[in-house]
Amino acid sequence: MRLTLEEIAERLRLAHTGPPDLPITGVAAIESAAEGDISFVTDRKHQAELEQTGASAVIVFEGCDDCRLPHITSPNPYLSFVEVVNVFHPEPRPAPGVSGASVSPEAQVASSASVGALSYIEAGASVAADCVIYPQVYVGRNVKIGPGTIIKPNVSILDDTSIGKRCIIHSGTVIGSDGYGFIDDKGRHVKIPQIGNVEIGDDVEIGACVAVDRGTFGSTVIGSGCKIDNLVHVAHNVTVGENTLLVAQVGIAGSSSIGKHCILAGQVGVAGHISIGDNVIAASKAGIPRDLKEGSVVGGIPAVPVEVWRRQVAAMLRLPNLMKELKELKKQVEVLNERLSESES
Amino acid sequence: MRLTLEEIAERLRLAHTGPPDLPITGVAAIESAAEGDISFVTDRKHQAELEQTGASAVIVFEGCDDCRLPHITSPNPYLSFVEVVNVFHPEPRPAPGVSGASVSPEAQVASSASVGALSYIEAGASVAADCVIYPQVYVGRNVKIGPGTIIKPNVSILDDTSIGKRCIIHSGTVIGSDGYGFIDDKGRHVKIPQIGNVEIGDDVEIGACVAVDRGTFGSTVIGSGCKIDNLVHVAHNVTVGENTLLVAQVGIAGSSSIGKHCILAGQVGVAGHISIGDNVIAASKAGIPRDLKEGSVVGGIPAVPVEVWRRQVAAMLRLPNLMKELKELKKQVEVLNERLSESES
Amino acid sequence: MRLTLEEIAERLRLAHTGPPDLPITGVAAIESAAEGDISFVTDRKHQAELEQTGASAVIVFEGCDDCRLPHITSPNPYLSFVEVVNVFHPEPRPAPGVSGASVSPEAQVASSASVGALSYIEAGASVAADCVIYPQVYVGRNVKIGPGTIIKPNVSILDDTSIGKRCIIHSGTVIGSDGYGFIDDKGRHVKIPQIGNVEIGDDVEIGACVAVDRGTFGSTVIGSGCKIDNLVHVAHNVTVGENTLLVAQVGIAGSSSIGKHCILAGQVGVAGHISIGDNVIAASKAGIPRDLKEGSVVGGIPAVPVEVWRRQVAAMLRLPNLMKELKELKKQVEVLNERLSESES
């Protein structure tokens, strides 16, 4: 593919500086860009990289005044660059149609959808327009998959799951497995039937090898705009608010609710039956045992406000020394005691 | 489906209070129950919910004396409720038979078993009566699957695995992958052949995306009645005792043994070659580096008795303050020293 | 299978002591070996086990002078034993050829390779000599799989992945899923296209349910000789050096590089954009927030040198006591103060 600098600027609805007919044939990160590539620089901190790059053109931030390369100025250079990447590297899409898949006659597949070989679609399921179901996917009974959603190979979507528009679900992931619920009958664990489902909003992306359990009753809910990384566990009846980020290997126990626009960093654990407000941030590996108010920023096991956690970590480093100091101080106090007793006597 | 209050009470072999012919058409949690639903209340703490529920009838605990709704009294209301749920929502079962699967002529599949499309069953494998193998499952050489066991889509069961009666294995899970064993040959890691297998007892439920490795020699053993949550790792030659619960994202390193009736909460890690006694409970995120006696209750990294851990956590919170206090005390002792020296001179 | 002691010694190019024609029919660990088995003892610490074993012969360490059983002496008994295990238990290999798989006419499969039923191989993919692709595997567009590599059932290998020689990839694993990269557009997370790939060296083994993301641009790289355990997360643009071990449930965030010959123990987390030198060892559950020099041995959250961590752990155990001591000391100092004031007045 080949576009001119002017053509790219027009697509971005932004101004350019430099030869309008400069040919651009690819995209690359600033440090690896070569002739023909367009790249980007987000802020003054990275401006020095403009001197060394091999890129033919760059997308720069507003106020980047001394860029000698042909450039396009953007209020959000990375976002503009992503638009250009999508032009040069459109997501490859299999042709519409069903071929080599096992599709129930009682399932509905839109004519513009693609269903890959060796996939299985159960009765009552519906696959909306422009969906791509890759090979070897399982779509259970009464599953609804919204328009434009992409399901990668070897994904399992169990009965009654509902998935919104433009979602992406990566390989190995399981949506709608049974929740982990048992009641004790004299030492024996009796299974609580898991008759709820999973409801996933629009524009949700779910990574590889993720497990989202169905509700026991009612639904496990993943809000629109959420992005879930690899190997995350979402238990039964959890609610995740819109645009929340669950980073890799996070685990959320049953019936907890996470607010909107939260960020739970890698390997965070959330206890069951708790409520986390909007805009909460948890540092990686945090263990969250109880409710957190809107806007909390926490870290540690158990999680505490991040500034407390930092002080704890700093204190921990001095702890062995502190032990010595205390011992020393005890001796001094003893000596003082003796001296005082002598002076008193 | 529609049953009367009396019919439900008879199935539960329990007494009822209220109109025998009251029609019940569904089940629901107490807070979301509507007309026609039966629900349940387990204890006095939740008794107030009886006032607000829309349920037509409830299963109540013994001693719940002022319930004005039609009700059934049970020594274990949740357990009785589960029985009713199973009546109204029987697990859907595909029809018996093999269709669209790739089954070795040297495999044995009982005529009452169901094998889904796109599943693969190797030579020497046997699938017993009333099993349900969902689509896209892999069943390796000489695998034995006991009567009534259910294997969900996209599960991989590798060679020589043995699974007992009435087990449930959820999607994405792998049973019998090679253990992680290597020996050093001058900086190069040489694979130790993993020629053992996995043996799973009866009534075991294993969640989604779980990995259970085969024994190096001998077996990795999951005892009857164990319930394993999503994304759990069980290494080679581990033994898990009967009725033990491994909650989500637990990891158990090689050759360790876990007792009966234990509970390892979410994200717990267990070191290799250690022994954990019966009835042990580990709080979530605990790291268990050494043997634990029967009945231990532990938390923390490394794990200590839970009351010690709680004191540590409390102490950690006061640690930054303690630093200040110690500093202050040092000053005071210095001043005392000077004053005493003056008074002595 | 049946070999004589002499035949085994010859295969190992080692000397034997005992009847050359002693029949050996199997291999076993020392504690479970029976007549006909050969076993091994690695060092003097385990020498006592020679007295109790039922093995017919053993492979012993150099300097094991009083072994009364027929034996073979080896500079590395376990390594020699592994060679013998491989003779008695060769990895079963399906016959070469493609049967029941869905292979693009534009894919290349070597005639000595085996592709199992229900696998799917996309256009542009190549499967080299002696590979074994088990059933239900997905091999994406332009994937290259090197000679002798084994891919177990239900693995997903996404577009453009390159895998070297003699690798083993276990079931449920996903190679080349999209990296987790988003940019903020006024509260909305916009997907950064992930147009890089994954490059895996030679002799790499990857466990079950592992997720390795493709590079955003450029590659995620797993060096030759690496061994990755189950349920590990490797994010986009991570580089893992040769012969490094990533134990179960490790997570490595985006763009970090791990050196050669490192060991990251179970459940370790590594932050993004950091650099870990060669020969680093991290204790299980460590959280590594910043660069680590070659040869570092660390533990804790956040990770500190292991000897510091041990002191912290020991100090933590004494912390509640220390609190009491400090309180006591404060009282004493107060009393001293009063006494001194009295004596001064």
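Residue numbers start from 1 in every chain, and the chains themselves are labelled A, B, ... in the order their sequence lines are given, proteins ahead of strands.
Residue A:Val335: no heavy atom, backbone or side chain, is found under 4.5 Å from chain B. Looking at B:Leu231, the atoms closer than 4.5 Å to chain A (heavy atoms on both sides) all sit in the side chain, from C-beta outward. If you measure heavy-atom distances from A:Phe217 to chain B, the contacts under 4.5 Å come from the side chain alone. Contact annotation for B:Val313: only side-chain heavy atoms (C-beta onward) come within less than 4.5 Å of a heavy atom of chain A. Using a 4.5 Å cut-off between heavy atoms, A:Ile183 touches chain B through its side chain atoms alone. At a 4.5 Å heavy-atom cutoff, the contact between A:Val250 and chain B is made by backbone atoms alone. Interface remark: A:Val268 contributes backbone atoms only to the contact with chain B (heavy atom separation under 4.5 Å). For a residue to count as touching a neighbouring chain, one of its non-hydrogen atoms must lie under 4.5 Å from one of that chain's; by this rule B:Ser341 touches chain A with backbone and side chain alike. Residue contact with chain A, scored on non-hydrogen atoms closer than 4.5 Å, involves the side chain of B:Leu118 exclusively. Residue contact with chain A, scored on non-hydrogen atoms closer than 4.5 Å, involves the backbone and the side chain of B:Asp229 alike. Both the backbone and the side chain of B:Leu317 come within contact range of chain A, with heavy atoms under 4.5 Å apart. Looking at A:Val232, only its backbone comes within 4.5 Å of chain B, counting heavy atoms on both sides.
Looking at heavy atoms from C-beta onward, A:Ser156 lies in side-chain contact with B:Pro153 at the 4.5 angstrom threshold. Side-chain contact check for A:Ile195 versus B:Phe88: every heavy-atom pair is 4.5 Å or farther apart. Annotation: side chain of B:Asn337 is in contact with side chain of A:Arg339 (closest heavy-atom distance under 4.5 Å). B:Asn230 has its side chain out of reach of A:Tyr180: every pair of non-hydrogen atoms, C-beta onward, lies at least 4.5 Å apart.
Heavy-atom pairs under 4.5 Å with chain A peak, among B:Pro320, B:Cys209, B:Cys226, B:Pro135, at B:Pro135. Chain A forms more heavy-atom pairs under 4.5 Å with one residue of B:Lys227, B:Lys260, B:Glu242 than with any other, namely B:Lys227. The residue among B:Gly266, B:Gly299, B:Gly207, B:Ser171 with the most heavy atom pairs within less than 4.5 Å of chain A is B:Ser171. Most heavy-atom pairs under 4.5 Å with chain B, from the set A:Gly187, A:Gly179, A:Pro289: that is A:Gly187. Ranked by heavy-atom pairs shorter than 4.5 Å toward chain B, the options A:Ala253, A:Gly272, A:Pro193 are led by A:Pro193. Most heavy-atom pairs under 4.5 Å with chain A: of the set B:Ile228, B:Asp203, B:Val27, this distinction falls to B:Ile228. Comparing A:Gly176, A:Gly251, A:Gly300 by how many heavy-atom pairs each has under 4.5 Å with chain B, the most go to A:Gly251. Considering only heavy-atom pairs separated by less than 4.5 Å from chain A, the leading option among B:Asn86, B:Leu322, B:Ile301, B:Leu245 is B:Leu245. The choice from A:Ala271, A:Gly269, A:Ser102, A:Gly218 that makes the most heavy-atom pairs within less than 4.5 Å of chain B is A:Gly269.
Between the CG atom in A:Asp184 and the OH atom in B:Tyr78 there is a gap of 13.0 Å [rounded to 0.5 Å]. Distance check, rounded to the nearest 0.5 Å: OG of A:Ser177 to CD1 of B:Ile168 gives 12.0 Å. Once rounded to the nearest 0.5 Å, the distance linking NE2 of A:His189 with NE2 of B:His261 reads 7.0 Å. Once rounded to the nearest 0.5 Å, the distance linking CD of B:Glu205 with CZ of A:Phe182 reads 4.0 Å. Here the CG atom belonging to A:Leu336 is positioned 6.0 Å from the CG atom belonging to B:Leu340, to the nearest 0.5 angstrom. B:Gln267 contributes atom CD, which lies 8.5 Å from atom CD of A:Gln249 (distance to the nearest 0.5 angstrom).
Counting heavy-atom neighbours within 6.0 Å of A:Glu106 CD, excluding the residue itself, gives a total of 12 or less. Counted within 6.0 Å of CZ on B:Arg166, heavy atoms from surrounding residues, nucleotides or ligands total more than 12; the atom is thus considered enclosed.
Taking 4.5 Å as the heavy-atom cut-off, the residues of residues 278-287 of chain B that approach chain A are B:Lys285, ordered by number. Residues of residues 324-332 of chain A lying within less than 4.5 angstrom of chain B, judged on heavy atoms, are A:Glu325, A:Leu326, A:Leu329, A:Gln332 in numerical order.
In this structure, the side chain to side chain donor-acceptor pair (under 3.5 Å) partners of A:Arg188, at least two apart in sequence or on a different chain, are A:Asp185. Partners of A:Tyr134 under the ring-ring contact (aromatic ring centres under 6.0 Å, His included) rule, at least two apart in sequence or in another chain, do not exist in this structure.
Considering every non-hydrogen atom in both A:Leu319 and B:Met323, the closest pair reads N-CE, 4.3 Å.
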